[in-house]
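Everything on this sheet refers to the single structure shown next.
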Number of protein chains: 2
Amino acid sequence: MSSTTKTLELLAHFSTSRPEIGLSQLCRLAKRDKATTYRHLQALEETGFLERNPVSKKYRLGPIVLQLARTREATVPRKAGVEAPLVALAGATGETSHVTVLSGKTVYALASCESPRHGTRAIIDIETFPLHATASGLCALAFGPTDLMAFAQKNLCGFTAMTPTTAQELENIVGTIRATGFGCANRSYEDEVLGLSAPVFDQTGHYAGAVSVASVAARFTPDLKRIIQEHLVIAARDITRNWGGTLPPQIEEAWAKTLSHSNTLDTAS
Amino acid sequence: MSSTTKTLELLAHFSTSRPEIGLSQLCRLAKRDKATTYRHLQALEETGFLERNPVSKKYRLGPIVLQLARTREATVPRKAGVEAPLVALAGATGETSHVTVLSGKTVYALASCESPRHGTRAIIDIETFPLHATASGLCALAFGPTDLMAFAQKNLCGFTAMTPTTAQELENIVGTIRATGFGCANRSYEDEVLGLSAPVFDQTGHYAGAVSVASVAARFTPDLKRIIQEHLVIAARDITRNWGGTLPPQIEEAWAKTLSHSNTLDTAS
DNA sequence: AACAACGGTTCAATATGCGAACCAACAGGA
DNA sequence: TCCTGTTGGTTCGCATATTGAACCGTTGTT
């Protein structure tokens, strides 16, 4: 791993829930040496990726990332095409909805939207999604580049008792997803959360990301599952269209087939 | 210069006007070795800062920057981004300084900062600034949305003898502001106050607001004007940067031109 | 076929990053 | 007051990761 990679990985520890980090704290989070981390922080500071909070002396993200984000969005307008379908999806299902994008071998959160319908709801506070344990990640394995599966199988860490930890388990799950057209992660990443997702495609015709609904497992029913799936289809179609892509016919067929007899499927599928 | 710094500097070459760059092209732009640049690009790609356009094979910014921007926006709201430059501006000019934002057709005060240097000083105690009579308002007319002028001309109320009250007067003033890059309101809102302002831009590339200095007219001199203008430029650059924006080149050009021969201009300009 | 430009790779030399150890400042607690 | 545990920051010798000239294979143009 290059020095640059290690440096840039430090930025992943900043989030809305932990927006400012001091040197020692970051060393613990990243499990790194203090001197090294300090030099890394200095490099990030002098390039504008981090700045110091003048009062707390801690480090926080710098203004340059706003600049880069604007360029990215101007280059690949993704975020703008997601807002409306996402709000509609959260409203229709009453559950937290989010969109992820696949870049290289990593699944990133792009946007998320909570529904106020229930007091308890799933919170999407991670930046990158494990391939084997989340609905979005499984969707990428099922419909994304074929070399992703081999990569995922090298890192089958268990998050809950339900997390698939063998290559065979994972293959089976992905096979089901290919057949149904919907990613499903039943308490495999967090104990109380059940995720459902549908793939989204871009103008190159490749898998681009997934739109997902994270439901509280305790209130999940076959009825809710069907409602979520129906609206996932709508959202996936909308977003795919907004991104200039088209849905492969086999995806549409899988969806149609799944929905036509979804009442006969149980929630564990 | 560290390896990481050199790597991160590569990202600066991506912009809305040049959103995708190939290896050789980037080597020329950055005046770097090809092998080195290639490794740098790989580091940026595996951390998600860059991704390959699957059709053109060129590099472009990755989705992770959107994530970082969201965190930054949540960490440092707009108001926080003006504090430090505003204090510096007030300190350097010895005059009351403030920042306004344009929202719809209204110019609001966002923050203000007084300097203790003089016993008499301008007090910014209004919440919204008239478009045709204040430096901030005139700045919005000169660099903001084009439909603002028509709106302003419908309400040319006179505050002092110097307030422009005809559409033609206002057009002339705004024309001067576009040419110089600085808003100027010479006793047109309050009898004893002369305001100078510079525009600030946000991540959308649009006019976002103005940073201004309100000076007591009686002690205004060409020397003070020049000092204020120089520090307005610094503050406008800083705030624009903190808000994730970039200054249009024509603004920078206008400033450079104005400052290069400001000693030949009188205070009434 | 010749040519140029492209992305990508090799390898010796050395610049660069590394981390244990160390400093100074600060903040409770006894 | 001392003691202890923080914090951010620095030093220095060693080892290795980084460097760039040169090279390679492919693609597209003339």
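Naming convention: chains lettered A, B, ... in sequence-line order (proteins, then strands); numbering from 1 in each chain. All figures in this text were calculated on a predicted structure; none of them were measured in a lab.
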Practice item. For Ser2(B) and Thr5(B), test the side chains for any donor-to-acceptor distance below 3.5 angstrom and give the result as yes or no. Key: yes
Check your understanding: Between Arg32(B) (CZ) and dA21(D) (C1'), how many Å, whole number?
Key -> 17 Å
Practice item. Among residues two or more places apart or on two chains, list those pairs meeting side chain to side chain donor-acceptor pair (under 3.5 Å) that have a residue in residues 243-252 of chain A. Key: Arg237(A)-Glu252(A)
Check your understanding: Expressed in angstrom and rounded to an integer, what is the separation of Lys58(B) atom NZ from dG7(C) atom P?
Key -> 7 Å
Point to revise | Positions of residues 37-50 of chain A (non-hydrogen atom under 4.0 Å from DNA chain D), listed by number | key: Tyr38(A)
Review point. Do the side chain of Thr163(A) and the main chain of Ser188(A) share a donor and acceptor less than 3.5 angstrom apart?
Key: yes
Review point. How many Å lie between CZ on Arg52(A) and P on dT7(D), as a whole number?
Key: 14 Å
Point to revise | Test applied, side chain to side chain contact (heavy atoms under 4.5 Å, CB included); reference residue, Val99(B); option that passes from Leu110(B), Val200(B), Leu89(B) | key: Leu110(B)
Check your understanding: So with a 6.0 Å cut-off around CD of Glu192(A), is the heavy-atom count from everything else above 12?
Key -> no
Check your understanding: In whole Å, what is the span from the CG atom of Asp33(A) to the C1' atom of dT10(D)?
Key -> 12 Å
Review point. Any side-chain heavy atom of Arg72(A) sitting closer than 4.5 Å to one from Pro19(B)?
Key: no
Practice item. Without swapping roles, check the side chain of Arg32(A) against the backbone of Cys27(A) for a donor-acceptor pair under 3.5 Å. Key: no
Practice item. Please report, rounded to the nearest Å, how far the P atom of dT19(D) is from the CG atom of Leu10(B). Key: 10 Å
Check your understanding: Roughly how many Å is it from NZ in Lys57(B) to C1' in dT27(D), rounded to a whole number?
Key -> 12 Å
Exercise for review: Report the distance from atom CG of Leu29(A) to atom P of dT7(D), rounded to the nearest whole Å.
Suggested key: 11 Å
Review point. Run the ring-ring contact (aromatic ring centres under 6.0 Å, His included) check on Phe159(A) and His132(A) step by step: do they pass?
Key: CA-CA 10 Å; Phe159(A) 297 102; His132(A) 67 296; 5.8 Å; yes
Practice item. Report the residue (Lys6(A) or Ala35(B)) whose heavy-atom-nearest nucleotide on DNA chain D is the more 5′ of the two. Key: Lys6(A)
Point to revise | Parallel, tilted or perpendicular: rings of Phe129(A) and His98(A) (30°, 60°) | key: parallel
Check your understanding: Thr36(A) side chain N/O closer than 4.0 Å to the phosphate oxygens (OP1, OP2) of dG19(C)?
Key -> yes
**Study point:** Rounded distance (Å) that lies between atom C1' of dG19(C) and atom NZ of Lys31(A)
**Key:** 18 Å
Review point. How far does the helix from dA1(C)-dT30(D) to dA30(C)-dT1(D) bend, going by the axes of its first and last five pairs, to the nearest 10°?
Key: 30°
**Study point:** Residue closer to the 5' end of DNA chain D, Ile21(A) versus Thr4(A) (nearest nucleotide)
**Key:** Ile21(A)
Review point. OP1 or OP2 of dT7(D) less than 4.0 angstrom from a side-chain nitrogen or oxygen of Arg28(A), does that happen here?
Key: yes
Check your understanding: Given dT9(C), is OP1 or OP2 found less than 4.0 Å from the side-chain N or O atoms of Lys34(B)?
Key -> no
Check your understanding: Does the side chain of Ser24(A) get closer than 4.0 angstrom to OP1 or OP2 of dG8(D) through an N or O atom?
Key -> yes
Review point. Should Glu190(A) and Thr160(A) be marked as a side-chain hydrogen bond (donor to acceptor under 3.5 Å, both in side chains) after you check the CA-CA gap, both sets of side-chain angles, and the distance that decides it?
Key: CA-CA 6 Å; Glu190(A) 288 184 285; Thr160(A) 73; over 6 Å; no
Exercise for review: For dT16(C), take OP1 and OP2 only and decide whether either is under 4.0 Å from a side-chain N or O of Ser3(B).
Suggested key: no
